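The structure displayed is predicted, hence computed values, not measured ones. The figures that follow rest on heavy atoms only: side chains count, while hydrogens, waters and symmetry mates do not. In this chain, residues are counted from 1 in sequence order. As the structure lists them, so they are numbered: ligands from 1, and atoms in each ligand from 1.
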Amino acid sequence: MLGKNGERSRQDGGAANGGGNDAGSGAARAPLDVLREVFGYAAFRGEQAQIVEHVSGGGDALVLMPTGGGKSLCYQIPSLVRQGTGVVVSPLIALMQDQVDALTELGVRAAFLNSTLDFPAVKRVEEALLAGELDLLYVAPERLVTERCLSLLERAHIALFAIDEAHCVSQWGHDFRPEYIQLSILHQRWPEVPRVALTATADAQTRAEIVSKLALEDARVFVSSFDRPNIRYRIVEKADARRQLLNFIREEHEGEAGIVYCLSRAKVEETAEFLKQNGITALPYHAGMDAAARERNQSAFLREDGIVMTATIAFGMGIDKPDVRFVAHLDLPKSVEGYYQETGRAGRDGLAADAWMAYGLQDVVQQRRMIEESEASEAYKRLSAAKLDAMLGLCETTECRRVRLLNYFDEASGPCGNCDVCLEPPEVWDGTVAAQKVLSCVYRLLKERNQRFGAGQVIDILRGKTTDKITQWNHDSLSVFGIGADLSDQEWRGMVRQLIALGVLAVDHTAFSTLMLTEASRTVLKGEQKIQLRKQEKRAAVKRERAGKSAAVVDLAAPDLALFEKLRAWRAETAKAHCVPAYVIFHDATLREIALRRPAAVHELESVSGVGARKLEAYGAEIVGVVAQDAD
Ligand code: ADP
Ligand code: ZN
């Protein structure tokens, strides 16, 4: 099935690839042996060992691990160790084929059942399952809960149930899937089969919901560190966001894969177009596009090198492309959970990656407005406002971003040395007096003139500008006129933004976005609350020092780099012949190690991370050939 001419049908659900695998049959194997032989990794990471042991032994588990932390192995290896088939419930239909292909490349017998399969393909998968020829079966939740599927599973031998993206059970979350609620049926019908639920959403509320809705009260909970040390967090002040983004990509990620998140569909389209016009290979993705176009763009992103996906948050769940080198936000995410999940899609291969965001006054105003104007219940609005506040706190912080992020997930840590604040500590000044000036201006307008104005006019008054609008309203006669000439427009906007972020100032969206005082304004006016501000960024920006070099090769010497490129070319050809994304053959990190070690014989590849038994057999000789040719 792995023959070089092995063009496989994309419609076979995987099962037609047949057996020939010994990964899942016979006597129970030790998890570590499976990790080494099948996956080619030397050691478990973090909590993986304990989780795999617990589930392999028949225990239920709830696994909380950040994106890229290594959740898949937590159910894949127990499925291979235990008798029978591991059934994986996943909402990600569009990605099942890739997941199955990746496993097939490893010599694991995997298949999927979802609505993309035609009837004969479904039959083949069902027969393979009943014949005990599958190690892993991926099923869409809406399909799993049908009587046909349940009775099929009843006739099969099931090793375990894995419920991936388990936060989809949460009605409060943005990925809610009603079918997930019905998954408690698994426990009722198969009380003796172990279940493992996995998610990268870590807040306490979601966790509690998963436990109760999936009847996992007795499951052992494994909480991993949420730190992703290879991701560098940066939040820059928005000036001309698209231009800033373009510079960021050109200067630091030319030719590399990345994701750019925007709030609206229109902005997604515009941004993709803008990047394209500026020579960046960008594609759009949002829920308003038809399914075929979405699928096409997603597939191109996964298969081709160096594509920038410009997307709404509809894109990304389950994308396991390891070499996404940056995730950029042009709009403020609604919550820290969302931000963390989205940025977590960068650097899954463990190599250096960037999480970059442009943030400004308009973001704060817009997000506050969306909450106020939503039709949701008061309770939901309060929850959303609290989540937004935490996100704003992250943007405005003058402390290490990572400390702040991890703290949100109840994890303590020290300054990280790999975020903008650590690398280039912002100068902080006491803005209390300046804040009082803004608040007094808003107060005087209301008290003396019974007027309310937006941020622009308030700033012009403070700076003492004589614009038409100032003269027209006679605002130059206010006592606060010109009391803030010492700060620039941008500094005042930063001040207003922070005051709104802190809730010390509010925006009335029902009246032309005019500024209003709040309960909290008084504490600042009375000097009871200090306002700490960042000095305007002079930043040459905290850049990567690698001038367009990919993270995998940043410190390779020229001859090794040449070999790395040859290996990449070989990989591209092989991936094409197998109809799979390049990273399914080998990750960049694996090619890098091969380029450094220059194996002269196939067995020397055994200890390279990411080379398992099946890949050694399938590709070992070819790789040694590429290396030998390079030496000539
Ligand atoms: P997620 O938690 O997001 O589902 P994955 O399971 O996709 O993460 O794993 C992320 C990456 O880490 C993958 O490329 C995977 O192959 C790699 N990985 C996972 N566990 C290990 C390990 N023990 N050793 C080396 N690489 C690993
Ligand atoms: Zn830091």
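- Close contacts between ligand 1 and L73 involve ligand atoms 19 (C), 20 (N), 21 (C) [criterion: under 4.0 Å to a heavy atom].
- Not a single N or O atom of P322, backbone or side chain, sits closer than 3.5 Å to an N or O atom of ligand 1.
- Between the side chain of R36 and the backbone N or O of A42, at least one donor-acceptor pair lies under 3.5 Å.
- Salt bridge R325/D323: absent, no basic N to carboxylate O contact under 4.0 Å.
- Atom CD in E622 sits 11.5 Å away from atom CG in L567 (nearest 0.5 Å).
- Distances between N or O atoms of A43 and those of ligand 1 include at least one value under 3.5 Å.
- For atom 11 (C) of ligand 1, the nearest non-hydrogen atom of the protein is R348 O, 3.7 Å.
- Among residue pairs with one or both ends in residues 304-328, those qualifying as ring-ring contact (aromatic ring centres under 6.0 Å, His included) are F248-F326, H253-F326, Y285-F315, F301-F315; sequence neighbours excluded.
- Checked by atom type and distance alone, the side chain of R228 pairs as donor or acceptor with a backbone atom of G344 at under 3.5 Å.
- Under 4.0 Å is where a charged nitrogen must lie from a carboxylate oxygen, and between R598 and D560 at least one such pair does.
- In this structure, a donor-acceptor pair under 3.5 Å is absent between the side chains of S224 and E47.
- Ligand 1 has no atom lying under 4.0 Å from any heavy atom of C74.
- At the shortest separation from atom 8 (O) of ligand 1 among protein heavy atoms lies G70 N, 3.2 Å.
- Between the side chain of N418 and the main chain of P229, a donor-acceptor pair closer than 3.5 Å is present.
- Distance CG/N297 to NE2/H286: 9.5 Å, rounded to 0.5 Å.
- For atom 14 (O) of ligand 1, the nearest protein heavy atom (residue, atom name, distance) is H587 CE1, 2.9 Å.
- Among protein heavy atoms, atom 10 (C) of ligand 1 sits closest to G68 O, 3.5 Å.
- Ligand-side atoms of ligand 1 in range of F44: 23 (N), range being under 4.0 angstrom from any heavy atom.
- Under 4.0 angstrom from ligand 1, the non-hydrogen atoms of Y41 all belong to its side chain.
- Taking the side chain as every heavy atom from C-beta outward, L35 and F44 approach each other to under 4.5 Å.
- The nearest heavy-atom contact from the protein to atom 20 (N) of ligand 1 is Q48 NE2, 2.9 Å.
- Checked against a 3.5 angstrom limit, the closest N/O atoms of T67 and ligand 1 fall outside it.
- Protein N/O/S atoms found under 2.8 Å from the Zn ion (ligand 2), listed by chain and residue number: C400 SG, C416 SG, C419 SG, C422 SG.
- Between the CD atom in Q298 and the CZ atom in R303 there is a gap of 9.5 Å [rounded to 0.5 Å].
- Using the six-membered ring where Trp is involved, F409 and Y340 have ring planes that are tilted, between 30° and 60° apart.
- With contacts defined as side-chain heavy-atom distances shorter than 4.5 Å, the pair Q99/S72 does not qualify.
- With a 4.0 Å heavy-atom cut-off, ligand 1 is reached by no atom of M65.
- Y619 and F586 have perpendicular rings, their planes meeting at more than 60° on a 0 to 90° scale where under 30° would count as parallel.
- Close approach to P66 involves these atoms of ligand 1, each under 4.0 Å from a residue heavy atom: 2 (O).
- The option with the heavy atom closest to atom 5 (P) of ligand 1, from among S72, A42, A49, is S72.
- For ligand 1, the polar-atom distance check finds no N/O of S609 at less than 3.5 Å from any of the ligand's N/O atoms.
- If you check which protein heavy atom lies closest to atom 17 (C) of ligand 1, you get R45 NH2, 3.7 Å.
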